[in-house]
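Residue indices begin at 1 and follow the sequence shown. This one's a predicted model, so the numbers in the text were calculated from it and none came from an experiment.
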Amino acid sequence: MKKIVLWAVAIVLGAYVLLVIFRIPAVLNQQKTAEVVAKIHETKLALDDVMGKNLPPDPGPDADKTIEGIDANKNGIRDDAELAIFKEYPDSAKTRSAALQYAMILQIGLTQVFNSETLVAMAQERGRASGCLYDLGGGVAAANQREDLFKKFVLNNDARKNKLEEIYEKY
């Protein structure tokens, strides 16, 4: 009888240990998701970035070698997209601000989304960025045109376009 009880306890203990071991990746994934969602919501555009005080150097031909691209000034906006926005809107800080915010959130989509929770956080921030595009005036049609233009700055090659489409389809 004692042997049966010991075996039962050993089996239950072994099952518990296996359950804990198998749950570790899920718990780590939950923690990583929470951290990335918080980071997505906390990422803000700095006034110095809008005013051009932190402009990066031209990344040259290396800009398109990876989906992530180059972000030398570490502001969350790919350098080639940031420079294109400044070239397109040298005299309008308000328009640059909306464009840079939109570019930043698309970059987040390309680099930080890895599950449905992070996609939702990115979509929420993208909605806010779209609202800023609308606030520039001209109604919905003008906001949609601006959005299409700003997408071209960030999704400037097939790999980046495909990556964002894949993220939306996958999650």
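Side-chain contact between Glu68 and Leu110: absent, with no pair of heavy atoms (C-beta onward) separated by less than 4.5 Å. Thr118 places none of its side-chain heavy atoms less than 4.5 Å from the side chain of Tyr171. For the pair Glu165/Leu155, no side-chain contact is recorded, criterion being any heavy-atom separation below 4.5 Å from C-beta on. Residues Asn75 and Leu100 have side chains not in contact (no heavy-atom distance under 4.5 Å, counting atoms from C-beta outward). Residues Met104 and Thr43 form a side-chain contact, since some pair of their non-hydrogen atoms from C-beta on lies under 4.5 Å apart. Residues Glu117 and Gln30 have side chains not in contact (no heavy-atom distance under 4.5 Å, counting atoms from C-beta outward). The side-chain heavy atoms of Ile77 and Pro56, taken from C-beta on, include no pair separated by under 4.5 Å. Taking the side chain as every heavy atom from C-beta outward, Leu55 and Asn73 never approach each other to under 4.5 Å.
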Verdict with reasoning, Phe150 to Leu133, per side chain to side chain contact (heavy atoms under 4.5 Å, CB included): CA-CA 10 Å; Phe150 301 153; Leu133 299 178; 3.1 Å; yes

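Side chain of Arg78 to main chain of Gly69: no donor-acceptor pair is present (N/O by atom type, distance under 3.5 Å, no hydrogens or angles).
Between Lys32 and Glu35 there is no salt bridge, since none of the side-chain N atoms of the basic residue sits less than 4.0 Å from a carboxylate O of the acidic one. For the pair Asp64 and Arg160, the salt-bridge criterion is met [side-chain N within less than 4.0 Å of a carboxylate O].
Side-chain polar atoms of Gln107 and Asp71 form no donor-acceptor pair below 3.5 angstrom. A donor atom on one side chain and an acceptor atom on the other are found under 3.5 Å apart for Asn156 and Asp80.
Here the closest heavy-atom approach between residue Asp49 and residue Phe86 is recorded as O-CZ, 3.1 Å. Between Val154 and Ala81, the closest heavy-atom pair is CG2-CB, 4.2 Å.
With a 6.0 Å radius and a threshold of 12 heavy atoms from other residues, nucleotides or ligands, Lys53 has its NZ atom at or below the threshold.
With sequence neighbours excluded, the residues satisfying side-chain contact (heavy atoms from CB on, under 4.5 Å) with Lys94 are Ser92, Leu136. Every residue two or more places apart in sequence or in another chain that forms a side-chain hydrogen bond (donor to acceptor under 3.5 Å, both in side chains) with Arg126 is listed here: Tyr102, Tyr168.
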